[in-house]
Amino acid sequence: MTKIAVVYYSSTGNVHQLAAAVAQGAEEAGAEVRLRRVPELAPEEAIASNPLWRAHVDATAGEVQEATPADLEWADGYALGTPTRFGTPAAQMKQFIDTLGGLWFTGKLANKGATAFTSAQNVHGGNETTILTLFNVFSHFGAVIVPPGYTDPLLFEAGGNPYGTSNASGGKSATASEAELAAARYQGRRLAEVSAKLAA
Ligand SMILES: Cc1cc2nc3c(=O)[nH]c(=O)nc-3n(C[C@H](O)[C@H](O)[C@H](O)COP(=O)(O)O)c2cc1C
């Protein structure tokens, strides 16, 4: 059975919603899936200052396990999801990526399918640049990047982002539309299917 890791960071729940949908799609393709959130780095005061952030941290604490590098070593393919932070991935995701040196050095991240998804407040607020920044990382890993492209008509309904599923949240929580969730499920299915071929 193909093994897929969906590893994400989310402050206020939008990327969490997309991550769950990517995981669901990979399961629909027959994969064994680990849905994992990277460790939170922000101080309690910062989380407490935003009711949406507080609610999301509390809701997922017991629901989603924390990611470890071993999850990516285990996987045949991986999906990384992060909100946009000034057009780049969140520091929490970057910190997790920076723990992967040992796996990178021993080639354990190479030749696997890799895909990315994101959420920004604004439609043109950095969704594509955030995903492309993760593609830089995937290149260093020697992964095989699996973008959605325009390989299914449902992607047009979700905004037609060929790099990865994206959402414009307007700064609210858990705003992914049905079309965006369908695109995220499709992205998970496609990752699982391509990763299965790579692993074969
Ligand atoms: C420090 C910081 C920087 C951000 N930078 C951007 C940005 O450059 N463009 C944008 O559209 N949204 C930006 N946002 C908003 C988030 O990306 C947006 O609310 C996203 O939907 C959050 O995803 P989440 O609910 O999974 O945490 C920023 C938020 C924070 C806290």
Side-chain angles (χ1 to χ4, degrees), residues 4-26 33-67 71 78-98 114-137 147-148 155 157-188 191:
I4 296 294
V6 180
V7 175
Y8 73 97
Y9 176 72
S10 183
S11 292
T12 54
N14 296 289
V15 175
H16 167 76
Q17 259 191 320
L18 297 178
V22 171
Q24 187 187 339
V33 178
R34 290 186 186 177
L35 176 65
R36 299 287 188 268
R37 60 189 171 86
V38 303
E40 180 58 88
L41 301 176
E44 277 297 316
E45 310 86 84
I47 296 168
S49 71
N50 180 340
L52 297 179
W53 195 355
R54 172 83 273 156
H56 179 66
V57 168
D58 292 345
T60 50
E63 185 192 315
V64 185
Q65 286 182 46
E66 274 197 355
D71 294 316
Y78 41 84
L80 301 186
T82 171
T84 288
R85 295 282 187 261
F86 308 118
T88 68
Q92 289 85 345
M93 176 56 74
K94 184 63 167 60
Q95 168 65 20
F96 177 74
I97 288 169
D98 289 355
T115 201
F117 54 97
T118 190
S119 174
Q121 178 168 343
N122 307 284
V123 177
H124 301 293
N127 273 322
E128 294 176 6
T129 54
T130 300
I131 290 174
L132 290 171
T133 302
L134 289 173
F135 285 7
N136 289 339
V137 174
L155 296 165
E157 301 298 319
N161 186 337
Y163 308 101
T165 306
S166 57
N167 157 263
S169 68
K172 301 195 175 92
S173 186
T175 58
S177 67
E178 270 313 311
E180 288 161 351
L181 293 174
R185 286 192 297 273
Y186 173 80
Q187 192 173 351
L191 175 67

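Ligands are counted one by one from 1 in listed order, and the atoms in each one are counted from 1 as well.
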Novice: Under the rule for side-chain contact (heavy atoms from CB on, under 4.5 Å), what residues qualify as partners of Thr133, not counting sequence neighbours?
Specialist: Pro89
Novice: Run the ring-ring contact (aromatic ring centres under 6.0 Å, His included) test against Phe117 and tell me which residues pass, sequence neighbours left out.
Specialist: none
Novice: What pairs meet the ring-ring contact (aromatic ring centres under 6.0 Å, His included) rule with one or both residues in residues 43-67, with sequence neighbours excluded?
Specialist: His16-His56
Novice: Any idea which residues sit under 4.0 Å from ligand 1, heavy-atom distances?
Specialist: Ser10, Ser11, Thr12, Gly13, Asn14, Val15, Pro83, Thr84, Arg85, Phe86, Gly87, Ser119, Ala120, Gln121, Asn122, Gly125, Ser169
Novice: By the definition side chain to side chain contact (heavy atoms under 4.5 Å, CB included), identify the one residue from Thr82, Leu134, Val38 that meets it with Ile97.
Specialist: Leu134
Novice: With the side chain counted from C-beta on, respond yes when Tyr78 and Val7 share a heavy-atom pair under 4.5 Å apart, and no when they do not.
Specialist: no
Novice: Under 4.5 Å between any side-chain heavy atoms of Ile4 and Val22, yes or no?
Specialist: no
